[in-house]
Amino acid sequence: MREELFWDRNSDRASPEVVIERAINFGGLDFIEEVQEKYGMETFIQVLIHHRNLSRKAVNYWCLRLGLDRNSTRAFQDNRIWEPVR
């Protein structure tokens, strides 16, 4: 478990959804593999599709990798309150 991703809570008490969200947003491929093995691919995909606290860039990458339509994910359906200025 990547303890540095859980600076605000005990990683042992984090729900699988929170662990997967943080893995998608901030974890490396090794942590992603660990999470997929621990919680299963179905749970990983459900979080990817239904959770809005995910980076669009990360969601796009995993949708391409898994052959999913990114427009079916909540990250791409919800309107953002603000967009970063680039």
Side-chain angles (χ1 to χ4, degrees):
M1 192 64 64
R2 302 262 318 260
E3 297 298 325
E4 65 271 14
L5 298 180
F6 299 94
W7 57 270
D8 61 336
R9 66 181 70 192
N10 185 344
S11 63
D12 297 333
R13 293 185 179 171
S15 69
E17 291 81 12
V18 169
V19 174
I20 293 170
E21 278 183 0
R22 295 199 182 181
I24 291 170
N25 282 332
F26 309 113
L29 290 177
D30 57 333
F31 186 50
I32 293 283
E33 288 176 9
E34 181 183 334
V35 165
Q36 288 173 343
E37 288 176 15
K38 185 173 183 178
Y39 300 112
M41 200 60 173
E42 184 63 34
T43 305
F44 182 84
I45 291 171
Q46 290 302 312
V47 170
L48 186 68
I49 292 171
H50 297 292
H51 286 242
R52 68 182 183 114
N53 297 327
L54 298 172
S55 155
R56 284 184 174 189
K57 187 183 290 186
V59 170
N60 186 55
Y61 171 79
W62 285 105
C63 284
L64 285 171
R65 185 108 188 246
L66 299 173
L68 303 171
D69 178 19
R70 74 177 188 182
N71 293 320
S72 68
T73 66
R74 190 148 179 216
F76 279 89
Q77 289 176 349
D78 287 351
N79 291 330
R80 300 284 184 169
I81 295 172
W82 64 276
E83 289 291 335
V85 177
R86 295 196 192 256

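Residues Val59 and Thr73 approach most closely at CG1-OG1, 3.6 Å, considering heavy atoms.
Separating the CG atom in Asn60 from the CG atom in Leu68 is a distance of 11.0 Å, to the nearest 0.5 Å. The distance from the CD1 atom of Ile20 to the CG atom of Leu54 is 10.0 Å, given to the nearest 0.5 Å. Separating the CD1 atom in Ile49 from the CZ atom in Arg74 is a distance of 13.0 Å, to the nearest 0.5 Å.
Applying the salt bridge (Lys or Arg N to Asp or Glu O under 4.0 Å) test to residues at least two apart or on different chains, none of the pairs has a partner in residues 58-73. Within the structure, ring pair (Phe, Tyr, Trp, His ring centres under 6.0 Å) contacts touching residues 50-75 (residues at least two apart or in different chains) are Phe44-Trp62.
If you chain together hydrophobic residues whose side chains sit under 4.5 Å apart, Phe76 and Leu64 never meet in one group.
In terms of the side-chain hydrogen bond (donor to acceptor under 3.5 Å, both in side chains) criterion, residue partners of Glu42 (sequence neighbours excluded) are, by chain and number, Gln46.
Val35 pairs in a side chain to side chain contact (heavy atoms under 4.5 Å, CB included) with only one of the listed residues (Val19, Asp30, Val47, Ile24), which is Val19.
Counting only distance, with no hydrogens or angles, the side chain of Asn25 and the backbone of Asn53 share a donor-acceptor pair below 3.5 Å.
The closest side-chain heavy-atom distance from Leu66 to Leu48 is below 4.5 Å.
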